[in-house]
Amino acid sequence: MKPSIPKGTRDFSPEEVNKRNFIFDTIREVFVRYGYQPIETPAMEALATLTGKYGEEGDKLLFKILSNGDFLADANKEALAAMDSPKVAASISKRGLRYDLTVPFARYVVMHQNELAFPFKRYQIQPVWRADRPQKGRYQEFFQCDADVVGSGSLMYEAELARIYDEVFAKLGVRVTIKINNRKILAGIAEAAGVADRFMDMTIAIDKLDKIGIEGVRRELESRSMASEAIAAIETMLQTQSLEKLRTLFAGSPTGIAGIEEIETVFSYLGADSLSNEIAFDPTLARGLSYYTGCIFEVKAKDAQMGSIGGGGRYDNLTGNFGLPNVSGVGISFGAERIFDAMEELNLFPEKVLGGIQVLFIAFDAPCHRYAFECVTRLRAAGVACDLYPEPAKIKKQMDYANKRGVPFVVLIGESEMSSGKLTLKNMQSGEQEQLDIQEIVEKF
RNA sequence: GUGGGUGUAGCUCAGCUGGUUAGAGCGCCGGAUUGUGGUUCCGGAGGUCGCCGGUUCAAACCCGGUCAUUCACCCCA
């Protein structure tokens, strides 16, 4: 058979793994410094944990795991006869692959509530799976890097998480815009426009704004048969960048006012000018996931044409689904794959992430090869990553191999080196050579 | 789930309106070079033209199907 991997999945070469680890390590370091602790959850969850949390669309994108054993014995016979795939699936699958890290985290918090100190701050860097049709920047298996805090409603955390975004992207060298809005402001817009009952319709339309423009949003709202004066009112408010002006428009909406005050509080925590990236209030930011209730974030790369590379927000009742009501949480997520793609596109990876060995030993004949093996052992013991070509082959062949591996230095060992103990260390880039003993070589690295 | 593009050597692609043994560049292997690579030169290996069927005297090329892949929409990281 022809080897292949499932669609939407990828193999990673050593170089790619090194680059990805550079991203993960950068994010992890910042998370840890901000007081977040790591947890991990299983790749698969009980299907009941996952279904209904991501909306109708999300449910369709859940990977379901076929039950083991005689699953047909437990299958829903009527559904089978009626060719009702979703119902049949529910009867032959009890588990699914995690779709994001937030819902498993909520489940974790509820299950371990008596062991945790609240507010509980955790980070999690693990793959998630979605049965989406793959396309640019979209895969069926991808890593998310999440930081969330549960058990506090303090807006300090919104500011803290915004700072984390700012710091991580500054370290990675990716210029971004961090957009912030508040679901309560969106609710205020709906209220002030007199369409509070159509909040979700409105939000979905607004979410598309940067793709289809204000005209497109108008058409979208019209097609959802919204009154034209309401649409006009929504448009006016969406184009209001000033919190003060919005406040006057929200005169009759306490929710909207509350949203504005929350944003103002977050900005006051952030202070004026100590951020590396722009953080901007954007009333048109909506975000699809419905569990957000307060501030919402989205991060876009400034120099790459790409969907958002991070997002998050506050959710007042996420653990309510699992029987623990009134616990407020707020979190952010980094889309590692898209950050990778953006950094690759913009050539932002530093040379040093390439990893690999520092030195390759090259021996001229069999006795030298034995001697070289001892040298390699000593260098390794001293903490230097190195390797020895497996046999005393032609020098050209060994040098070619060194080039192919991108090794910065080689050590050449022949009779004279062996007898003098002074090895020839060659810089593969400059071609310079010097005679050094083992100890001197160790000191060079 | 909906709509479009593309499948020819390991990679990137040529291959005219169907017409003999399907090409290039790069890469790979060997040699020129008995202790020094990246340059150059010489030689070599490697392809059921994604798969199945149809049209035709004749198909890499036209038609249908199928699979894969990619882009966009929906949705999203």
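In what follows, chains are A, B, ... by sequence order, proteins preceding strands, each numbered from 1.
Comparing the C1' positions of rG10(B) and rG27(B) gives an interatomic distance of 7 Å, to the nearest angstrom. If you take atom P in rA9(B) and the same atom in rG1(B), they sit 30 Å apart, rounded to whole Å. Distance noted for atom P between rG38(B) and rC29(B): 13 Å (whole Å). Of the P atoms belonging to rA60(B) and rG7(B), the separation is 15 Å, rounded to the nearest Å. Nucleotides rC51(B) and rG35(B) place their P atoms 48 Å apart, quoted to the nearest Å. The separation of rU6(B) from rG44(B), taken at their C1' atoms, amounts to 33 Å, rounded to a whole angstrom. Comparing rU33(B) with rC11(B), their P atoms sit 35 Å apart, to the nearest whole Å. When the P atom is used for both rC67(B) and rC26(B), the distance is 39 Å, rounded to whole Å.
Under the 4.5 Å side-chain criterion, counting only non-hydrogen atoms from C-beta, Leu172(A) is in contact with Ile339(A).
For Lys7(A), no side-chain nitrogen or oxygen approaches OP1 or OP2 of rU70(B) to under 4.0 Å. Within the structure, every side-chain polar atom (N or O) of Lys397(A) is placed at least 4.0 Å from both OP1 and OP2 of rC29(B). Distances shown here put every side-chain N or O of Lys394(A) at or beyond 4.0 Å from the OP1 or OP2 atom of rG35(B).
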| Can Arg33(A) and Glu167(A) be said to form a salt bridge (Lys or Arg N to Asp or Glu O under 4.0 Å), step by step? | CA-CA 11 Å; Arg33(A) 194 149 38 75; Glu167(A) 221 173 290; 2.7 Å; yes
| Do Glu337(A) and Arg20(A) pass the salt bridge (Lys or Arg N to Asp or Glu O under 4.0 Å) test, and can you show the C-alpha distance, the side-chain angles, and the key distance before you say yes or no? | CA-CA 8 Å; Glu337(A) 321 298 334; Arg20(A) 286 163 63 83; 2.6 Å; yes
| message | Go through it in stages, so that I can follow the logic: the residues are Asp400(A) and Lys397(A), the test is salt bridge (Lys or Arg N to Asp or Glu O under 4.0 Å), and I'd like the CA-CA distance, side-chain angles, deciding distance and then a yes or no. | response | CA-CA 5 Å; Asp400(A) 278 345; Lys397(A) 199 166 181 179; over 6 Å; no
| How far apart are the C-alpha atoms of Glu160(A) and Tyr36(A), what are their side-chain angles, what is the distance that settles it, and do they pass the side chain to side chain donor-acceptor pair (under 3.5 Å) test? | CA-CA 11 Å; Glu160(A) 181 174 293; Tyr36(A) 291 77; 2.8 Å; yes
| request: Applying salt bridge (Lys or Arg N to Asp or Glu O under 4.0 Å), run through Lys87(A) and Glu78(A) and close with a yes or a no. | output: CA-CA 9 Å; Lys87(A) 270 198 181 152; Glu78(A) 295 93 75; over 6 Å; no
| Annotated protein contacts, base or backbone, on nucleotides 1-6 of chain B with a non-hydrogen cut-off under 4.0 Å, one of B, S, - each | BBB---
| note | Dot-bracket for RNA chain B, 5' to 3', Watson-Crick and G-U pairs with both distances under 3.5 Å, [ ] for crossing pairs, | for partner on another strand, reads (((((((..((((.....[...)))).(((((.......))))).....(((((..]....))))))))))))....
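Side chain of Met428(A), nearest nucleotide from rC76(B), rU36(B), rG37(B): rG37(B). Side-chain proximity of Met399(A) to rC76(B), rA77(B), rU36(B): nearest is rU36(B).
One side chain, Ser13(A) or Glu16(A), offers a donor N or O that lies under 3.5 Å from an acceptor on the other. Side-chain atoms of Arg314(A) and Ser328(A) form a donor-acceptor pair, as typed in the model, at a separation below 3.5 Å. Under the 3.5 Å distance criterion, with hydrogens and angles disregarded, no donor-acceptor pair is assigned to the side chains of Tyr123(A) and Asp148(A). Side-chain atoms of Asn181(A) and Asp282(A) form no donor-acceptor pair, as typed in the model, at a separation below 3.5 Å.
rU36(B) atom C1' lies 11 Å from atom NZ of Lys396(A), rounded to whole Å. The interatomic distance linking Gln144(A) (CD) with rA77(B) (C1') rounds to 6 Å, in whole Å. Atom CG in Asp400(A) sits roughly 12 Å away from atom C1' in rC28(B) (whole-Å rounding). What separates CD of Glu57(A) from C1' of rA77(B) is a distance of 16 Å, to the nearest Å. As rounded to whole Å, 15 Å separates atom P of rA77(B) from atom CD1 of Ile27(A). Rounded to a whole Å, the NZ atom of Lys208(A) is 10 Å from the P atom of rC76(B). Leu360(A) places its CG atom 17 Å from the P atom of rU36(B), with the value rounded to the nearest Å. Per the geometry, CD belonging to Gln140(A) stands 19 Å off P belonging to rC75(B), to the nearest Å.
Across all strands, Leu412(A) comes closer than 4.0 Å to base atoms (heavy-atom distances). Among the heavy atoms of the strands lying under 4.0 Å from Ile204(A) are primed sugar atoms or P, OP1, OP2 only; no base atom is included. At the heavy-atom level, Ser308(A) lies under 4.0 Å from the strands shown only through sugar-phosphate atoms. Counting non-hydrogen atoms under 4.0 angstrom, Glu417(A) reaches a base of the nucleic acid. Residue contacts for Glu415(A): at a heavy-atom cut-off of 4.0 Å it reaches a base atom on one of the strands shown. Using a 4.0 Å heavy-atom distance criterion, Gly58(A) is classed as making no nucleic acid contact. Base contact: Gly137(A) has a heavy atom under 4.0 Å from a base atom. Contacts of Lys300(A) with the nucleic acid, taken as non-hydrogen atoms under 4.0 Å apart, are absent.
The stacking criteria are not both satisfied for Phe334(A) over the base of rA77(B), which would need a centre-to-centre distance under 5.5 angstrom and an angle between ring planes under 30 degrees.
Not a single donor-acceptor contact under 3.5 angstrom links the side-chain atoms of Asn403(A) to the base of rG38(B). With hydrogens and angles ignored, a donor-acceptor pair closer than 3.5 Å exists between the side chain of Gln433(A) and the base of rU36(B).
Taking the nucleotide of RNA chain B with the nearest heavy atom to each of Asn427(A) and Arg338(A), the more 5' of the two is matched to Asn427(A). Residue order along RNA chain B, read from the 5' end via each residue's closest nucleotide, puts Gln429(A) first among Gln429(A) and Gly311(A).
Ring planes of Tyr292(A) and Tyr315(A): tilted class, angle from 30 to 60°. Taking the six-membered ring where the residue is Trp, Phe349(A) and Phe340(A) present tilted rings, their angle falling between 30° and 60°.
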